[in-house]
There are 2 protein chains.
Amino acid sequence: MEEREISQAVIRRLPRYYRYLGELLEHGVERISSNDLSRRMKVTASQIRQDLNNFGGFGQQGYGYNVKYLYTEIGKILGLEEDHRMIIIGAGNLGQALANYAAFEKRGFILKGIFDVNPRLAGMTIRGVPVRMIEELGEFVKDNEVEIAALTIPKDKAIEVAEFLVVNGVRAIWNFAHTDLNLPEHVIVENVHLSESLMQLSYKINRFNKEHKK
Amino acid sequence: MEEREISQAVIRRLPRYYRYLGELLEHGVERISSNDLSRRMKVTASQIRQDLNNFGGFGQQGYGYNVKYLYTEIGKILGLEEDHRMIIIGAGNLGQALANYAAFEKRGFILKGIFDVNPRLAGMTIRGVPVRMIEELGEFVKDNEVEIAALTIPKDKAIEVAEFLVVNGVRAIWNFAHTDLNLPEHVIVENVHLSESLMQLSYKINRFNKEHKK
DNA sequence: TAGATTGTTAATCGATTAACAATC
DNA sequence: TAGATTGTTAATCGATTAACAATC
């Protein structure tokens, strides 16, 4: 059977479907049509049906989609049924923010450790997880079969740490450092470049100003 | 003259060009060809030239692009030449992380205030900026002509606060809350949905696992 | 001048939208 | 059954890549 490659655009939309379906579920909505959902989400109904049919026929003609079922299925597609062992490197504000975000845990992202170079943070605990010194990193990653590492450290450090992590078996990097990580093909990298996000915002302000010849 | 609308895809790439050019500049590189840049950035040279030509002819045949000039021009396009008055709402870890990110300031994003509901944070200062109580928000925003507000508060609060900000003249919202903000057309919203980013990562791990029939 | 590289047009590719037969 | 709505094919639109004449 032919493997159809899922486009990046579709992947980006999946978590948003998941979020809307979760909210519908919370509000006790049992079923929803692509048309109804399209109005709420401000995308076309056609796109919703196309997106979902990349993964299977989750709906029923004349009925629509069962919210609970679709929510669960998208959860499976997103890999939220399995647990993911995760660490955070960099116990600064951003690292702490991630560590404190309890909702990750209920989606299966298990925080196994937090690491930092600053010896003054040694012994500190965030949500019950101790901050460890970076020297322990290699061994810890291997012993705990860490799958995901979030990097909230400066860019120069990030590159070498990422390579070190990969050597020690980490499969995926959630990269908050302001740099690209050029890692081997099989390593999954998800970038969160906050400064670039802010520049996109600023671009839009700037363009708006020009269009309204301020 | 016809106004060509710039696609979202191009806007997303601009800050990355800016980052690479900044690094080249730091390394004393004077000029670069689209071909050379394409190899470094792992995009096609054709795309680089197309993207840039949306905004003007910044290069020279037979020479390439002057790094410093192009860097400056992209900075202008991104609106980094003007100052942007900004506030942060929510002085938790994430809000503090943003406040502490000093590099924003050098790009023209001036942090005017930080707000929170928690009275225990009153009087606290982050990088010289005092944390204010949310009650002062409306007046402060008007008095200081705040342009951008970063929202690092829970989703239920975020929706109402965003509307309140817009009423008081805020032009753009940098939204970290896990919800969409349905604001008037003219308001610029830039979403940073960390949980969705993590789910995209998890999707890719999941797909990899399936493809390698683990 | 000859060589290099842009700016730009044309070709290709992929994603979105529209339409509708299938079917619950 | 009649009405509703999906799954899916076809049409359209837009973005990316290729090609090359213009020109530094």
Side-chain angles (χ1 to χ4, degrees), chain A residues 1-17 20-21 24 29-74 77 200 203 207, chain B residues 1-17 20-21 24 29-74 77 200 203 207:
Chain A
M1 185 193 160
E2 219 182 294
E3 268 302 310
R4 59 238 170 293
E5 189 65 30
I6 306 298
S7 80
Q8 187 58 43
V10 174
I11 298 170
R12 260 201 300 264
R13 285 192 292 266
L14 282 179
R16 187 156 177 265
Y17 291 134
Y20 272 82
L21 289 164
L24 288 170
V29 178
E30 251 179 38
R31 68 190 180 99
I32 192 149
S33 68
S34 57
N35 216 276
D36 191 355
L37 191 57
S38 95
R39 250 176 281 112
R40 293 167 190 260
M41 295 187 64
K42 292 173 182 168
V43 295
T44 63
S46 207
Q47 181 163 77
I48 292 173
R49 296 203 297 276
Q50 286 277 24
D51 282 355
L52 296 179
N53 275 90
N54 280 305
F55 304 100
F58 301 126
Q60 203 169 345
Q61 282 97 330
Y63 172 88
Y65 299 89
N66 178 285
V67 173
K68 184 162 195 178
Y69 174 68
L70 186 56
Y71 178 76
T72 310
E73 288 303 309
I74 295 182
I77 293 164
Q200 287 170 48
Y203 168 86
R207 184 190 49 189
Chain B
M1 184 195 162
E2 218 183 297
E3 268 302 309
R4 60 241 169 290
E5 189 65 29
I6 306 297
S7 79
Q8 185 58 43
V10 173
I11 299 170
R12 259 200 301 266
R13 285 193 291 266
L14 282 178
R16 187 156 178 266
Y17 291 133
Y20 272 83
L21 288 164
L24 288 169
V29 178
E30 251 180 38
R31 68 190 179 101
I32 192 150
S33 68
S34 58
N35 217 277
D36 192 354
L37 191 57
S38 95
R39 250 176 281 112
R40 293 167 189 261
M41 295 187 64
K42 294 175 180 165
V43 296
T44 64
S46 206
Q47 180 164 78
I48 293 174
R49 296 203 296 278
Q50 287 276 23
D51 283 355
L52 297 178
N53 275 89
N54 280 305
F55 303 99
F58 301 126
Q60 204 168 346
Q61 282 97 331
Y63 172 88
Y65 299 89
N66 178 285
V67 173
K68 185 161 193 179
Y69 174 68
L70 186 55
Y71 178 77
T72 309
E73 287 305 308
I74 295 182
I77 293 164
Q200 286 170 48
Y203 168 85
R207 185 189 47 188

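Chain identifiers are assigned alphabetically (A, B, ...) following the order of the sequence lines, protein sequences preceding nucleic acid strands; residue numbering begins at 1 within each chain.
Look at T44(B) and you'll find a side-chain N or O under 4.0 angstrom from OP1 or OP2 of dT17(D). Remark: Y65(B) is in phosphate contact with dG7(C), judged by side-chain N or O atoms under 4.0 Å from OP1 or OP2. Using a 4.0 Å cut-off, some side-chain N or O of R49(A) falls inside it from OP1 or OP2 of dT6(D). Using a 4.0 Å cut-off, some side-chain N or O of S34(A) falls inside it from OP1 or OP2 of dT6(D). Taking 4.0 angstrom as the limit, Q47(A) places a side-chain polar atom (N or O) nearer than this to OP1 or OP2 of dT16(C).
In this structure, R31(A) places its CZ atom 11 Å from C1' of dC24(C), rounding to the nearest Å. Rounded to whole angstrom, the span from the CD atom of Q8(B) across to the C1' atom of dA15(D) amounts to 13 Å. Here dT8(C) presents its C1' atom at 17 Å from CZ of F55(B), a figure rounded to the nearest Å. Distance, N35(A) CG to dG3(D) P: 18 Å, rounded to whole Å. The separation between Q50(A) atom CD and dT9(D) atom C1' is 9 Å, rounded to whole Å. As rounded to whole Å, 15 Å separates atom C1' of dA15(D) from atom CD of E5(B). Rounded to an integer number of Å, the gap from OH of Y63(A) to C1' of dC24(C) is 12 Å.
Backbone-only engagement by R13(B) is indicated by non-hydrogen atom pairs under 4.0 Å involving sugar-phosphate atoms exclusively.
Under 3.5 Å, the side chain of S46(A) and the base of dA18(C) form at least one donor-acceptor pair of N or O atoms.
Inter-residue side-chain proximity for Y17(A) and I48(A) is flagged as met; some heavy-atom pair is nearer than 4.5 Å.
Base-pair partner of dA21(C): dT6(D) (Watson-Crick or G-U wobble, both distances under 3.5 Å).
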